[in-house]
Amino acid sequence: MSRRGFGPRDAAALALGADAVAGLLRQAGDFELVRTGSRGLFWLEPMVEVETAQGRIAYGPVGAGDVPGLLGVLPAGGAHPLRLGRPEEIPYLARQTRLTFARCGIVDPLSLDDYRAHGGLKGLARAIETGPAATIETVTQSGLRGRGGAGFPTGIKWKTAADAPGARKFIVCNADEGDSGTFADRMLMEGDPFVLIEGMAIAAIAVGATKGYVYTRSEYPHAVATFDAALDAARRAGLLGAGVLGSAHAFDIEQRVGAGAYVCGEETSLLDSLEGKRGQVRAKPPLPAHKGLFGCPTVINNVVSLASVPIILTEGAAYYRELGMGRSRGTMPIQLAGNIKFAGLFEAGFGLTLGELVNEIGGGTLTGRPVRAVQVGGPLGAYFPPSLFDTPFDYEAFAARDGLIGHGGIVAFDDTVDLAKQARFAMEFCAAESCGKCTPCRIGSVRGMEVIDRIVAGEQPEANLDLLRDLCETMKFGSLCALGGFIPYPVMSALGHFPEDFRPAHREAAK
Ligand SMILES: Cc1cc2nc3c(=O)[nH]c(=O)nc-3n(C[C@H](O)[C@H](O)[C@H](O)COP(=O)(O)O)c2cc1C
Ligand code: SF4
């Protein structure tokens, strides 16, 4: 009978008391507790697991008060009201295709031995063996597109940087994760940081970069600490340094912590911020792949994009490409948040419909009231009503309905939501977060708030609605970056799908 257990140290689990639970379990004598990341089933956190002859058995959500009663049964995986059975058989996990998050919630995030034992470093070994051109070709053939929001093909980006002349090249990882309702980057950095290090090392070998930076948001102190500790462990083990895994490639990574401006997630602002300047959007061209950090060719990729590369190299391009639909290949870690019963991370091949994700997997709203709207893709994403829930999770399908999947966040709202308020909030957010470089965004967002206020107050509603549509057109086509350029999506979708919320009579009746 084993006395080895697993308890989460993920920030979401910590917020729900995981440290107190772990402390009590450790006091129980010979019970060895490994602290892991989260499996991403937040309503069951803190979820504690124990190794038994039948595999791991999970219990959750475990509160500190449950521990005394659990201690007698836990080591043998015995019966208890909180017993969930084998985690892999919990329907929420059983329905997933876990590639990028395969180890998250399972391994000790800071043990390279555990990482290796669960298939880690095979992708990097393959990249070293086959060389840059074959590595780039595999990533291109896999169909991987950037998971940060824009969905740009990763292989093409890498090829551009590899072909760009330059004595120094950089790999920059975008871990700013500013989108509302998203937490995939954070979960990976806390739960499986070596997969990101491995992905960055593969990118470095592919393009000939010797230095990498990870730009992490300051609101993620646990991710920052775990990732720094993983970097130290990687250096000690020769995974980073003068000869990566004993090869001729030199590569090291430094983590930098941003101050939390949404616009610093935009790649060129991020580069300015990394260079020690105020984060402001740069005009393109030049592309970062040609002239990026300190004027050198730079690959800038999201955490999930980079962390998806090791499995692609390990299993081959076809294995990854087989999953998904249309031009959206592979898997996407979808993050269910807001007013939703089963909030958490759900990794699956592209193609599930929005309705399946929100109602079946997410279980509808936490309040039990009808779902009225979901915002997909962060603060720049559109609000979708249930009548569009047949939309498959796919870059092109969302674009065809004036939406975007962004970083894969879905924020659900019940029938008490006021979409006019949400539209105003979009403008307010844009005004607060605008870098100020271009007029449509800097001034337009403030005018947007004012005009929405006039509409809901019933002041010349038709003329002001026309003005709002006109303003949104100007912002969409006249802004320098996607902050000002995409804010019209939440605004116009709120107006288009929920016009009644903008009418004063309706608003009075709803009070
Ligand atoms: C306002 C704004 C904020 C952004 N925030 C993020 C972010 O937090 N994380 C991210 O990976 N990409 C973000 N992006 C997208 C990046 O500019 C860029 O496309 C991405 O980092 C490229 O990596 P990928 O190809 O792997 O997605 C943002 C873009 C804009 C316009
Ligand atoms: S759209 Fe806004 S955030 Fe983007 S460059 Fe213009 S002012 Fe800056």
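Order of listing sets the numbers, starting from 1, for every ligand and every atom in it. Position 1 is the first residue of the sequence; numbering continues from there.
Of the protein's non-hydrogen atoms, Ser305 OG, 2.6 Å is the one closest to atom 26 (O) of ligand 1. The protein atom (non-hydrogen) at minimum distance from atom 1 (C) of ligand 1 is Tyr262 CE2, 3.5 Å. Annotation: atom 22 (C) of ligand 1 to nearest protein heavy atom, Lys157 NZ, 3.4 Å. Here the heavy atom of the protein found nearest to atom 6 (Fe) of ligand 2 is Cys438 SG, 2.2 Å.
When non-hydrogen atoms are compared, ligand 1 lies under 4.0 Å from neither the backbone nor the side chain of Phe486. Only the backbone of Arg147 comes within 4.0 Å of ligand 1, counting heavy atoms alone; no side-chain atom from C-beta on gets that close.
Inclusion of Asn302 in the set of residues having an N or O under 3.5 Å from an N or O of ligand 1 is warranted. Close N/O approach between Phe152 and ligand 1 is not found [any backbone or side-chain N/O within under 3.5 Å]. At a 3.5 angstrom cut-off on N or O pairs, Asp185 does not count as close to ligand 1. Residue Gly265 has at least one N or O atom closer than 3.5 Å to an N or O atom of ligand 1. Taking any N or O of Gly148, backbone or side chain, at least one lies under 3.5 Å from an N or O belonging to ligand 1. Between Glu267 and ligand 1, a contact under 3.5 Å exists for at least one N or O pair.
Between the choices Glu266, Arg145, His407, Glu433, the shortest heavy-atom distance to atom 29 (C) of ligand 1 belongs to Glu266. Of the listed residues (Asn174, Val263, Leu271, Thr268), the one carrying the non-hydrogen atom nearest atom 9 (N) of ligand 1 is Asn174. Distances from atom 1 (S) of ligand 2 to the heavy atoms of Gly478, Ser269, Gly484, Cys430 put Gly484 nearest.
Considering every non-hydrogen atom in both Ala184 and Gln335, the closest pair reads N-OE1, 3.0 Å. Minimum interatomic distance between Tyr383 and Ala494 (heavy atoms only, all atoms of both residues): CD1-CB, 4.4 Å.
With a cut-off of 2.8 Å, atom 2 (Fe) of ligand 2 has an N, O or S atom of Cys441 in range. Atom 4 (Fe) of ligand 2 lies at 2.8 Å or more from every N, O or S atom belonging to Cys435.
Remark: Arg327 is not positioned above the aromatic ring of Tyr395, lacking an NZ or CZ atom under 6.0 angstrom from the ring centre and at most 45 degrees off the axis.
Checking side-chain atoms of Asp394 against main-chain N and O of Gly351 turns up no donor-acceptor pair under 3.5 Å.
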